[in-house]
There are 2 protein chains.
Amino acid sequence: MSGICPKAGRRALAQKIKLSTIADALGVSTATVSLALRDSPLVADATRQRIKEHARTIGYIYNRRAASLRTSRSGIVGVVVHDIMNPFFAEILRSIESELDRSRQTFLLSNHYDQLEKQRTFIDTLLQLGADGVIMSPAIGTPPEDIMLAEENGLPAVLIARSVDGARVPVFRGDDAYGIGLATNHLISLGHTRIAMVGGTDHTSTGRDRYRGYVVAMQKAGLEVKPEWRFPGPRTKQAGFEMTGAFLALKDKPTAAVCWNDLVAIGLMNGIARAGLTPGVDISVTGYDDLEEAAIATPALTTVWNGQREVGRRAARVLLDRLNGVEVDPTQVLIKPELHVRQSSVRPVER
Amino acid sequence: MSGICPKAGRRALAQKIKLSTIADALGVSTATVSLALRDSPLVADATRQRIKEHARTIGYIYNRRAASLRTSRSGIVGVVVHDIMNPFFAEILRSIESELDRSRQTFLLSNHYDQLEKQRTFIDTLLQLGADGVIMSPAIGTPPEDIMLAEENGLPAVLIARSVDGARVPVFRGDDAYGIGLATNHLISLGHTRIAMVGGTDHTSTGRDRYRGYVVAMQKAGLEVKPEWRFPGPRTKQAGFEMTGAFLALKDKPTAAVCWNDLVAIGLMNGIARAGLTPGVDISVTGYDDLEEAAIATPALTTVWNGQREVGRRAARVLLDRLNGVEVDPTQVLIKPELHVRQSSVRPVER
DNA sequence: CTGAAAGCGCTTACAG
DNA sequence: CTGAAAGCGCTTACAG
């Protein structure tokens with residue numbers, strides 16, 4: 001039984017191949033090799049080709065640590081969000097990924113799970129690695145100093161999805177108050193008057209803005225906003241599902257629920273179905289985000305498209321601009337959401 | 001209107017703080033500072049405390065590139081899977097994350113979307129960064145040479161979820177043939193005789209093993225395996241949903257479907273509901289993976305728990321062992337799956 | 001168009 | 001227990 005010796009690979013290489021290995025073999029200087037490999041016009045075509053060819057055949061591996069130590073650019077961009085496995089971030093991350101790929105930046109991803117300590121550890125790691133910049137959806141309670149600390153140590157930051165008061169950096173997020181207003185007004189226009197808001201937290205800018213948008217829409221329509229119609233907390237399918245009992249137990253039961261996001265909405269619809277009622281018939285439900293699965297839920301979910309792709313793309317571009325020395329406004333950009341009406345919202349059964 | 005100058009931070013620092021800054025300030029050598037910061041017993045307690053205290057107050061940031069260039073350990077472990085946003089990988093990634101966190105390794109995540117080129121680019125990046133190791137769920141068609149190339153250049157690899165013939169590295173995956181057998185036998189024991197298999201691909205070891213497990217279970221029970229009862233392809237909710245039409249259009253319609261994974265099963269159940277039938281009554285459905293949402297689907301999904309947490313934990317541990325010089329067997333470890341029976345599988349209505 | 005040499009910020013023998 | 005010095009593998013003025 002032969003095991004793997006963990007360092008066998010390293011040892012198997014007769015000698016680590018480096019720039020000087022190539023330089024020696026071809027009788028040129030390391031400076032020339034370095035320039036040639038990076039396609040500098042300072043090197044003659046023929047020389048460059050010889051060098052690149054040789055590098056390829058001997059299996060040269062560029063040492064980015066050494067280069068980065070010298071140039072103080074690492075080609076690394078950090079991205080930290082609450083939870084990368086949350087489908088809400090999926091589209092954002094994909095569009096960031098495709099922007100960064102194009103600029104050959106390596107994309108270092110992390111979750112902070114809304115724990116400030118985790119977020120700090122990650123930023124610290126980025127600083128230690130000499131990362132070029134960071135895109136973050138800040139954890140609940142992030143003080144502006146945490147972001148400015150990064151900035152002051154040469155790690156420019158761009159925020160997505162949530163803002164942090166007092167942090168002078170660019171922010172890209174959906175216009176949450178407006179978006180939730182679209183959903184609320186849609187339900188009102190269908191004839192609903194008792195509308196609950198399920199999920200979300202007041203500890204984030206997003207949460208506050210969405211709740212405010214709901215309240216404003218209700219009040220504008222002259223409808224009552226009862227405190228017991230607000231179910232703060234849930235942000236996952238599971239939590240939405242578990243909230244169903246409390247929701248259905250309300251006397252004067254609402255005929256519709258504006259949900260914090262699609263996950264909560266789908267969880268709630270599952271809960272309603274499990275209780276023997278029919279979501280989208282007995283109780284109208286709206287979501288937020290327009291995840292892929294909103295369209296295939298049963299019933300198909302009426303929801304608010306949140307411009308995720310746009311948020312990711314623009315955040316990445318602005319960060320790349322900053323890395324390239326372009327001056328950038330440290331202001332908040334709100335992306336306009338759109339209502340996507342499907343089958344989960346209908347006229348109220350009773351009146 | 002004042003923009004942000006992207007390099008202001010760097011410039012604002014009077015001088016970059018490094019080991020020698022601390023050494024000069026305290027009148028010791030950089031060697032002592034280096035040792036003290038890493039808690040070496042070679043340094044006297046009092047000296048160490050003075051040094052650490054001073055480092056903290058002046059805001060010293062450890063330069064990992066420099067350290068790594070010197071030591072040729074980077075503290076980075078790469079993890080590459082088909083799609084990190086796929087909930088199947090969520091639990092695996094979380095358990096890898098918690099193992100690696102404990103060893104203070106930075107966790108560099110990437111998708112390859114089953115594209116060999118993307119996977120190669122990522123491995124190349126890891127080599128350039130001097131990463132210590134990589135955990136990968138190999139892309140479809142990965143040649144063993146790609147993995148051995150990493151190994152030979154000092155990047156030890158551990159595989160998860162899929163194996164690659166000819167690659168002499170440790171592999172951790174669920175026992176797919178056994179697991180799908182659990183689901184198939186469960187349906188057979190309920191009285192189903194016409195059982196379809198929906199989703200999956202023959203291009204991965206997982207796909208082949210699951211299909212084989214289904215076929216073997218059917219044959220052992222003396223049941224017919226019709227080619228048209230196999231719906232290869234779908235691996236997402238959307239794709240499962242879209243497959244429903246073809247499934248329901250079969251003459252001699254199966255009364256049950258063994259699905260490739262929970263996503264396909266949930267998509268199929270949504271499709272069945274959309275067609276006016278009741279999943280779990282008219283047609284029994286089983287999933288695979290036991291994602292969180294399997295339990296809250298309507299009806300709750302009977303599925304096979306795949307040992308994701310175990311796969312991630314053991315893969316991370318073995319990689320860490322290899323990094324610490326422990327010899328490790330380059331063999332495949334199959335984790336035993338378990339059947340979780342819920343409401344989506346019942347006795348067939350017709351006979 | 002090319003080369004010789006300094007230096008990025010650490011860690012590690014080695015000497016004391 | 002501490003210090004002086006070499007070196008990790010690049011890139012960048014500088015000189016020719």
* Structure fact -> A:Gln128 atom CD is separated from C:dG9 atom C1', nearest whole Å, by 13 Å
* Structure fact -> Ranking D:dG9, D:dC10, D:dT12 by distance to the side chain of B:Leu69, first place goes to D:dG9
* Asked: Does the distance from a Lys or Arg side-chain N to an Asp or Glu carboxylate O, for B:Glu91 and B:Arg94, drop under 4.0 Å?
  -> no
* Using whole Å, report how far CD1 of A:Ile17 lies from P of D:dC10. => 11 Å
* Asked: Would you find a donor on one side and an acceptor on the other, under 3.5 Å apart, between the side chain of B:Thr71 and the backbone of B:Arg73?
  -> yes
* Structure fact -> Atom CZ of B:Arg38 and atom C1' of C:dG9 are separated, to the nearest Å, by 13 Å
* Charged N-O contact under 4.0 Å between B:Glu53 and B:Arg50 -> no
Between N or O atoms, less than 3.5 Å apart, protein on one side and nucleotides 1-3 of chain C on the other: list the pairs.
residue : atom : partner : partner atom : Å
C:dT2   : OP1  : A:Thr47 : OG1          : 2.8
C:dT2   : OP2  : A:Ala44 : N            : 3.1
C:dT2   : OP2  : A:Thr47 : OG1          : 3.4
C:dG3   : OP2  : A:Ser29 : N            : 2.8
C:dG3   : OP2  : A:Ser29 : OG           : 3.3
C:dG3   : OP2  : A:Thr32 : OG1          : 2.8

* Asked: Would you say a side-chain N or O of B:Tyr60 is under 4.0 Å from OP1 or OP2 of C:dC10?
  -> yes
* **Donor-acceptor contact present, side-chain B:Asp114 to main-chain B:Ile140, <3.5 Å** => yes
* Asked: Would you call A:Arg120 and A:Glu117 a salt bridge, taking side-chain N to carboxylate O under 4.0 Å as the test?
  -> yes
* Give the rounded distance in Å between these two atoms: CG of B:Asn63 and P of C:dC10. => 5 Å
* Length of the CZ-C1' vector between B:Arg65 and D:dG7, whole Å -> 18 Å
* Asked: Whole Å only: how far is the CG atom of A:Leu127 from the P atom of C:dG9?
  -> 15 Å
* Asked: Under 6.0 Å from the CG atom of A:Asp165, do we count more than 12 heavy atoms belonging to anything else shown?
  -> no
* To do: For B:Asp24 and C:dC10, give me the distance from atom CG to atom P, rounded to whole Å.
  => 12 Å
* Side chains of B:Arg162 and B:Thr142: do they bring a donor and an acceptor to under 3.5 Å? -> no
* **Nearest atoms (heavy-atom pairs only) where B:Pro156 meets B:Asp132** => CD-O, 3.1 Å
* Asked: Which dot-bracket notation, 5' to 3', represents the base pairing of DNA chain C when pairs are defined as Watson-Crick or G-U with both distances under 3.5 Å, crossing pairs as [ ], and inter-strand pairs as |?
  -> |||.||||||||.|||
* Return yes if some donor-acceptor pair links the side-chain N/O of A:Arg38 with the main-chain N/O of A:Ser34 below 3.5 Å, else return no. => yes
* Roughly how many Å is it from CG in A:Leu19 to C1' in C:dA5, rounded to a whole number? -> 15 Å
